[in-house]
Amino acid sequence: MSEKISVYFTEEQIAKRIAEIGAEITKRFAGEEVTLVCILKGSIFFTTELAKRIDLPMVIDFMKVSSYGSGTKTTGIVNVKQDLEFDIADKNVIIVEDIIDSGYTLSHLQKVLRLRNPKTLTICTLLDKPERRVVNDVKVDYVGFEIPDKFVVGYGLDYDQHYRNLPYVGYVEQE
Ligand code: IMP
Ligand code: MG
């Protein structure tokens, strides 16, 4: 791994934005319980930080999907590699994703989870690259930051499984 990474969002900026989203979700679901669905592995950092900023009864569950081969290009094929542990019927489900790019992943996930009859299905993503959208049937309820069409890493996001542990979000500059 010899890429140069330049900081785009600092840990502080990310924490501040997540606190805002957490407050909005807390307000919207006041008096109810929510189920956070963390999409592995990219959204682990976002999910844990967001969970701490939502002041409601909560269940956290995990789902693993893959849409990418190695490298930075999508294949367009979405596989569920690990399913949820719990039934989500009649639950307020919040999908927590790291980034929406082509939209294939969230479009597919939304369809799969809707079939299980949740009470509500909300989509929350840390990052959004609107310029890259291929499928447009996804309504994202909460977006941390919109970014241009550049590959980013850190705060859970990887490049060939590396850089997830960076505490900030950075651009990869190919050498
Ligand atoms: P989509 O299905 O094309 O919307 O892609 C969503 C998934 O692609 C995300 O969950 C990420 O795992 C991955 N992805 C898309 N863009 C990036 C990026 O810039 N950096 C790292 N992973 C990305
Ligand atoms: Mg991902």
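If you're wondering where the values come from, they're calculated on a predicted model, not measured in any experiment. Both ligands and their constituent atoms are indexed starting at 1 by order of listing. Along the sequence shown, residues are numbered consecutively beginning with 1.
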**Request:** May I ask you to identify, for Asp101, whether its side chain, its backbone, both or neither come under 4.0 Å of ligand 1 on a heavy-atom basis?
**Result:** both
**Request:** Could you list all the side-chain hydrogen bond (donor to acceptor under 3.5 Å, both in side chains) pairs where at least one residue sits in residues 80-91, not counting sequence neighbours?
**Result:** Asp83-Arg116
**Message:** Quick check: Val153 and ligand 1, any N/O pair under 3.5 Å apart?
**Reply:** no
**Exercise: do Gln110 and Lys139 side chains pair donor with acceptor under 3.5 Å** = no
**Item:** Polar proximity ligand 1 side, Val152 side, N/O cut 3.5 Å exclusive
**Value:** yes
**Prompt:** Is there a donor-acceptor pair under 3.5 Å between the side chain of Thr10 and the backbone N or O of Gln13?
**Reply:** yes
**Message:** Can you tell me if Gly42 contacts ligand 1 (heavy atom of the residue under 4.0 Å from the ligand)?
**Reply:** no
**Fill in**
Taking only non-hydrogen atoms of Glu97 and a 4.0 Å limit, the atoms of ligand 1 in range are 10 (O)
**Results of side chain to side chain donor-acceptor pair (under 3.5 Å) for Lys150 - residues two or more places apart only** = none
**Prompt:** Which atoms of ligand 1 are found less than 4.0 Å from any heavy atom of Asp98?
**Reply:** 9 (C), 10 (O), 11 (C), 12 (O)
**Request:** Could you tell me whether Lys129 approaches ligand 1 through its side chain, its backbone, both or neither, with non-hydrogen atoms closer than 4.0 Å?
**Result:** side chain
**Message:** Could you check whether Asp55 and Thr26, counting side-chain N and O atoms only, form a donor-acceptor pair closer than 3.5 Å?
**Reply:** no
**Request:** Please find out if less than 6.0 Å separates the ring center of Tyr155 from that of Tyr168.
**Result:** no
**Val172 with Val7, same ILVMFWY side-chain cluster at under 4.5 Å** = yes
**Request:** Please identify which atoms of ligand 1 are closer than 4.0 Å to at least one heavy atom of Thr105.
**Result:** 1 (P), 2 (O), 5 (O), 6 (C)
**Among Phe151, Tyr104, Tyr171, closest by any non-hydrogen atom to atom 17 (C) of ligand 1** = Phe151
